[in-house]
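Notes follow once the structure below has been shown.
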Amino acid sequence: KAGVTQTPRYLIKTRGQQVTLSCSPISGHRSVSWYQQTPGQGLQFLFEYFSETQRNKGNFPGRFSGRQFSNSRSEMNVSTLELGDSALYLCASSLEPDNSPLHFGNGTRLTVT
Amino acid sequence: EDQVTQSPEALRLQEGESSSLNCSYTVSGLRGLFWYRQDPGKGPEFLFTLYSAGEEKEKERLKATLTKKESFLHITAPKPEDSATYLCAVQAGYGGSQGNLIFGKGTKLSVKP
């Protein structure tokens with residue numbers, strides 16, 4: 001069974017640009033969550049989607065947004081990139097939001113210059 | 001404020017030298033505590049879920065335990081392949097789902113042959 005797939009694996013962008021990251025969950029998983037991982041802050045929750053609806057949102061500015069499609073695939077977008085947005089962005093999927101563990105992809109490494 | 005603190009930050013062991021990693025938490029209504037393992041360049045890999053004080057889970061050389069204030073990950077006779085960063089996370093009770101976890105910053109374990 002294929003795991004969570006995130007594309008691209010690496011991305012280099014310039015300050016002020018915007019970026020879209022993609023996540024394909026494990027087949028049959030309907031819940032998708034996004035996390036930002038940095039050396040200083042560790043893993044921080046961005047948002048959670050289930051059945052195309054955002055269930056929870058973390059404490060990030062409005063420049064960070066996401067969506068989920070009817071096939072459970074998800075995208076996140078960051079507009080007006082800042083240097084501090086450089087991080088590993090991890091997507092995780094689960095069967096249901098409340099009673100099954102998260103399975104993570106290997107992330108997208110975003111570098112903002 | 002909900003918080004997860006892991007100690008030590010780093011731990012170096014000789015192969016076969018057993019030890020424990022600590023995860024202390026303050027959360028309003030714990031609904032679940034999770035342990036993950038993360039290898040360099042990869043996303044976190046799910047290990048265990050614990051739901052109530054006194055609960056224990058085992059997998060190979062790893063055993064996770066839970067009290068009302070902390071969790072321990074015991075590693076018995078570790079091998080070099082157990083080297084990784086071990087992450088602890090909690091699901092809060094006020095509306096947190098398993099997609100919205102609060103992570104500690106991890107313990108980086110190195111096991112030397």
Side-chain angles (χ1 to χ4, degrees), chain A residues 3-7 9-10 21 23-26 29-51 53-60 66 68 72 74 87-109, chain B residues 1-10 21 23-25 27 29-52 55 57 59 62 64 71 84-108:
Chain A
V4 177
T5 303
Q6 292 188 246
T7 56
R9 282 283 279 137
Y10 302 94
L21 312 182
C23 172
S24 293
I26 292 172
H29 284 196
R30 299 194 295 158
S31 181
V32 172
S33 296
W34 289 88
Y35 286 80
Q36 181 195 67
Q37 186 174 30
T38 59
Q41 299 298 319
L43 275 102
Q44 293 186 288
F45 171 72
L46 282 158
F47 8 74
E48 178 191 19
Y49 289 89
F50 178 68
S51 293
T53 301
Q54 187 178 90
R55 294 187 82 228
N56 282 298
K57 187 177 192 305
N59 189 25
F60 278 82
Q68 185 181 31
S72 295
S74 178
L88 180 67
Y89 289 88
L90 291 161
C91 171
S93 72
S94 63
L95 279 169
E96 302 287 338
D98 292 323
N99 58 9
S100 54
L102 296 180
H103 296 271
F104 284 85
N106 288 329
T108 293
R109 171 73 63 185
Chain B
E1 183 186 347
D2 298 332
Q3 198 168 320
V4 177
T5 304
Q6 292 188 245
S7 61
E9 288 186 16
L21 313 183
C23 170
S24 62
Y25 61 89
V27 64
L30 179 73
R31 294 180 62 188
L33 185 140
F34 305 83
W35 283 97
Y36 285 85
R37 167 193 171 128
Q38 186 172 25
D39 293 297
K42 301 224 173 151
E45 174 189 349
F46 170 74
L47 293 173
F48 304 109
T49 308
L50 301 167
Y51 291 105
S52 56
E55 190 175 358
K57 294 270 180 77
K59 180 181 179 179
L62 301 176
S71 176
T85 295
Y86 290 85
L87 297 165
C88 170
V90 298
Q91 177 186 358
Y94 54 82
S97 65
Q98 290 201 22
N100 172 10
L101 299 180
I102 303 164
F103 278 85
K105 294 189 177 178
T107 293
K108 185 173 182 180

What part of [X] gets within 4.5 angstrom of chain B, counting heavy atoms only: side chain, backbone, both, or neither?
X: Gln44(A); result: neither
X: Leu43(A); result: both
X: Arg109(A); result: neither

Could you tell me which non-hydrogen atom of Leu101(B) sits nearest to which non-hydrogen atom of Phe45(A), and how far apart they are?
O-CB, 4.2 Å
I'd like to check Asn100(B) versus Ser33(A) (side-chain heavy atoms, cut-off strictly below 4.5 Å). Are they in contact?
no
In the structure I gave you, are the side-chain heavy atoms of Phe34(B) and Leu102(A) within less than 4.5 Å of one another anywhere?
no
Show your reasoning for whether ring-ring contact (aromatic ring centres under 6.0 Å, His included) applies to Phe46(B) and Phe104(A).
CA-CA 8 Å; Phe46(B) 170 74; Phe104(A) 284 85; over 10 Å; no
Polar side-chain atom of Lys105(B) near backbone of Gly40(A) as donor-acceptor pair, under 3.5 Å:
yes
Asn106(A) side chain vs Gly43(B) backbone, donor-acceptor pair below 3.5 Å:
yes
With a 4.5 angstrom heavy-atom cut-off, could you sort out which part of Gln38(B) is near chain A: side chain, backbone, both or neither?
side chain
Are more than 12 heavy atoms, taken from residues, nucleotides or ligands other than Lys57(A), located less than 6.0 Å from that residue's NZ atom?
yes
Begin with the C-alpha distance, continue with both residues' side-chain angles, and end with the deciding distance and a verdict on side-chain contact (heavy atoms from CB on, under 4.5 Å) for Phe103(B) and Tyr35(A).
CA-CA 10 Å; Phe103(B) 278 85; Tyr35(A) 286 80; 3.7 Å; yes
Heavy atoms only, distances under 4.5 angstrom: which of Gln37(A), Arg9(A), Gln41(A), Gln6(A) has the most pairs with chain B? Name it, please.
Gln37(A)
